[in-house]
Amino acid sequence: MDYIQEYFICDECDNKNFKRIYNFSLGFHGVNFSDALIYDKMNIEKYQCTNCNKIFSIDAIQDGLSKIKIRHKNPDLG
């Protein structure tokens, strides 16, 4: 069997190159047993197309890669 390599591509401009963008934040919330606030640290990772600057979540990229896998495992599905 031949080796086939497919890339996740930007659905806006068909580019395959992305750069990683991080957002760092703290989310504060109260709890019912204390007046003190509790915080959660969150790191949000997104990817930006290097051509058109469209931003994709990691979930959108994973979904796109899953569709590529399905397409190659089941060519009749599309």
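Since we're looking at a predicted model, the values are computed, not measured. Only this structure's heavy atoms are used, side chains among them; waters, hydrogens and symmetry mates stay out.
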Separation between CG of N15 and CG of N53, rounded to the nearest 0.5 Å: 10.0 Å
Spatial distance of atom NZ (K46) from atom CD1 (I55) [nearest 0.5 Å]: 6.5 Å
Hey, what do you get for CZ (F18) to CG (N51), rounding to the nearest 0.5 Å? 10.0 Å
Close side-chain approach of Y22 to I44, heavy-atom, < 4.5 Å: no
Listed partners of K67 passing side chain to side chain contact (heavy atoms under 4.5 Å, CB included), at least two apart: D63
Measuring from atom NZ of K41 to atom CZ of F24, what distance do you get when rounded to the nearest 0.5 angstrom? 8.5 Å
Gap between atom CD1 of I58 and atom CG of L65 - 0.5 Å precision: 8.0 Å
Do H72 and E6 have side-chain heavy atoms sitting under 4.5 Å apart? yes
Any side-chain heavy-atom pair of E45 and R20 under 4.5 Å: yes
Shortest non-hydrogen contact from C52 toward E12: SG-CB, 3.7 Å
Is the closest side-chain heavy-atom distance between C10 and F56 below 4.5 Å? yes
Output for pair (D40 CG, L26 CG), nearest 0.5 Å, gives 9.0 Å
How about H29 and I38: do any of their side-chain heavy atoms sit closer than 4.5 Å? yes
ILVMFWY network linking Y7 to I70, side-chain heavy atoms under 4.5 angstrom: no
